[in-house]
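Working notes for the structure below.
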Amino acid sequence: MRRRGVRRMTGPSGVGIGWRPEIAGFVAELPGLRFVEVVAEAVPASGPLPLGLAQLRERAVTVVPHGVRLSLGGAEPVDPTRVAHLAAVAQRVDAPLVSEHIAFVRAGGLEAGHLLPLPRSREAVDAVCANVARAQAELPVPIALEPIAALVDWPDDELDEADFLTEILDRTGALLLLDVANVHANARNRGTDPLALLDRLPLDRVAYAHVAGGAEHGGFYHDTHTDPVPAAVLELLGALCARQRPPALLLERDGHYPPAAVLRAELDALAATAGFPAVT
């Protein structure tokens, strides 16, 4: 893909981890690390980069900015200043692509502070596609879209998840960030078959995949990012790789960080399941 004359760049590969300041020292010591993902809103558009992130760039570790506040699924046009920030961060870290969520986080001037699910309606498809197009017009690199984990579905859904996602990807030309833990969570909470979804998604469009932990609470599976990756998610990752292995996998951890040995074991488990070289 080319936009605004920017050269085509190679995407991430192998096994990576979400870069967070709390584990920057651990991440810096991973000898085989080839890429990380950073929350785009946590990186300044100008001035010094966070020290650990700058050091990774000096090692030629690929950095992918991951947005959480664009609100691509909102009924309102995406905020140009937020798109400009994402574009600036992508350029600062020489990113091969950026990623964001198929969700909304604001409406009528109110901020939810959380990724909220969309109704799977044709009107929602139109809204997402319009906002992705607005973002793509300003971004220097391709964008990958991530479907979120949701505890509820809207009552006015017109499309199932596979058709909803495929139409958005087809109309926008965007890549897919497939979160295996989200696929597991949604199937568990909806009582559906996660493999059936994998069989209907355009897996050749996957830029990279997320893997994360979660926990059961109140009869629902919550995608917490603070718990160990369960065996069911690793099994689903294996099923995905048997169909079409993603170019890269990323372990997400966002709090309650375990000892370094536990994080290394989780990274090793991802690598072993997918047949990637270990990064530890």
Side-chain angles (χ1 to χ4, degrees), residues 12-27 29-39 64 66 68 99 101 115 144 146-151 161 176-190 192-198 201 203 206-280:
S13 61
V15 175
I17 189 169
W19 188 88
R20 304 292 184 267
E22 297 88 341
I23 56 172
F26 167 80
V27 174
E29 295 176 355
L30 293 171
L33 186 68
R34 298 181 63 183
F35 91 103
V36 297
E37 180 190 79
V38 61
V39 175
V64 176
H66 185 55
V68 297
S99 56
H101 301 84
L115 297 167
E146 178 186 359
I148 67 170
L151 294 177
E161 188 166 14
L176 175 62
L177 167 49
L178 184 61
D179 191 314
V180 179
N182 289 354
V183 173
H184 169 73
N186 289 337
R188 162 67 180 80
N189 293 333
R190 293 170 180 159
T192 57
D193 181 2
L195 299 181
L197 176 62
L198 294 184
L201 289 177
L203 299 181
V206 174
Y208 64 108
H210 279 170
V211 182
E216 298 271 351
H217 293 294
F220 289 92
Y221 182 86
H222 296 259
D223 179 46
T224 64
H225 295 190
T226 59
D227 291 278
V229 177
V233 171
L234 281 179
E235 291 172 4
L236 187 58
L237 173 61
L240 168 63
C241 292
R243 287 158 171 78
Q244 181 153 334
R245 188 177 73 171
L249 303 174
L250 185 117
L251 175 65
E252 290 188 292
R253 273 277 186 170
D254 290 301
H256 294 199
Y257 299 102
V262 176
L263 277 180
R264 290 192 188 96
E266 287 201 318
L267 288 166
D268 288 343
L270 265 62
T273 300
F276 280 122
V279 301
T280 60

Open item on the list: Within the structure provided, determine whether D223 and H184 are in side-chain contact (heavy-atom separation under 4.5 Å).
Closed with: no
- [ ] Give me the one residue out of L176, V183, N182 that meets side chain to side chain contact (heavy atoms under 4.5 Å, CB included) with P147.
- [x] L176
TODO: Would you give the length of the straight line joining atom CZ of R264 to atom CD1 of I17, rounded to the nearest 0.5 angstrom?
DONE: 10.5 Å
- [ ] Working to the nearest 0.5 Å, report the span between CZ of R243 and CG of L201.
- [x] 10.5 Å
TODO: Please report the closest heavy-atom contact between C241 and A274, naming both atoms and the distance.
DONE: SG-CB, 3.7 Å
TODO: Evaluate side chain to side chain contact (heavy atoms under 4.5 Å, CB included) for L178 paired with L203, printing each intermediate quantity in order.
DONE: CA-CA 9 Å; L178 184 61; L203 299 181; 4.1 Å; yes
Task: Non-hydrogen side-chain atoms of D254 and T224 separated by less than 4.5 Å - done: no
- [ ] Give a yes or no on whether the backbone of L151 and the side-chain of N189 come within a donor-acceptor separation of less than 3.5 Å.
- [x] no
TODO: Write down the atom of A248, the atom of F35, and the distance for their closest heavy-atom approach.
DONE: CB-CE2, 3.6 Å
Open item on the list: As an exercise, state the distance from CZ of R253 to CD1 of I23, rounded to the nearest 0.5 Å.
Closed with: 9.0 Å
Task: From E37 atom CD to L251 atom CG, the distance as rounded to the nearest 0.5 Å - done: 10.5 Å
- [ ] Quick one: closest heavy-atom pair of A212 and A181, and the distance?
- [x] O-CB, 3.5 Å
- [ ] Determine, step by step, whether R188 and E216 satisfy the salt bridge (charged side-chain N to carboxylate O under 4.0 Å, His left out) criterion, reporting the C-alpha distance in whole Å, the side-chain angles of both residues, the deciding distance to 0.1 Å, and the verdict.
- [x] CA-CA 10 Å; R188 162 67 180 80; E216 298 271 351; 2.7 Å; yes
TODO: Kindly indicate whether the side chain of V39, heavy atoms from C-beta on, has any atom under 4.5 Å from the side chain of V68.
DONE: yes
Open item on the list: Is there a side-chain contact between F26 and Y257 in this structure, where contact means two heavy atoms from C-beta onward sitting under 4.5 Å apart?
Closed with: no
Open item on the list: Within this structure, what is the CG-CZ distance for the pair D268 and F276, rounded to the nearest 0.5 Å?
Closed with: 14.5 Å
- [ ] Would you confirm whether N186, through its side chain, and I148, through its main-chain N or O, come within 3.5 Å as a donor-acceptor pair?
- [x] yes
Task: Min side-chain heavy-atom separation L270-T273 under 4.5 Å - done: no
- [ ] Taking all non-hydrogen atoms of both residues into account, name the closest pair between G214 and P230 and its distance.
- [x] N-CD, 4.3 Å
TODO: In sequence, state the C-alpha distance, the side-chain angles, and the governing distance for V38 and V64, and then conclude on side chain to side chain contact (heavy atoms under 4.5 Å, CB included).
DONE: CA-CA 6 Å; V38 61; V64 176; over 6 Å; no
Open item on the list: Are L177 and H66 packed together at the side-chain level, in the sense that at least one heavy-atom pair is separated by less than 4.5 angstrom?
Closed with: yes
Task: Closest non-hydrogen atom pair between Y221 and G213, with its separation - done: OH-C, 3.8 Å
Open item on the list: side chain to side chain contact (heavy atoms under 4.5 Å, CB included) for L240 and V206? Distances and angles first, verdict last.
Closed with: CA-CA 11 Å; L240 168 63; V206 174; 5.7 Å; no
Open item on the list: For a 4.5 angstrom cut-off between non-hydrogen side-chain atoms, does W19 reach L33?
Closed with: no
Task: Ring-ring centroid check H256 H225, cutoff 6.0 Å - done: no
Open item on the list: Tell me the closest heavy-atom pair linking A215 and D227, and the distance in Å.
Closed with: CB-OD2, 3.7 Å
- [ ] For E266 and V229, indicate whether the former's side chain and the latter's backbone hold a donor-acceptor pair under 3.5 Å.
- [x] yes
Task: pair V211-L250: side-chain heavy atoms closer than 4.5 Å - done: no
Task: Neighbour count >12 (heavy atoms, 6.0 Å) for atom CZ, R34 - done: no
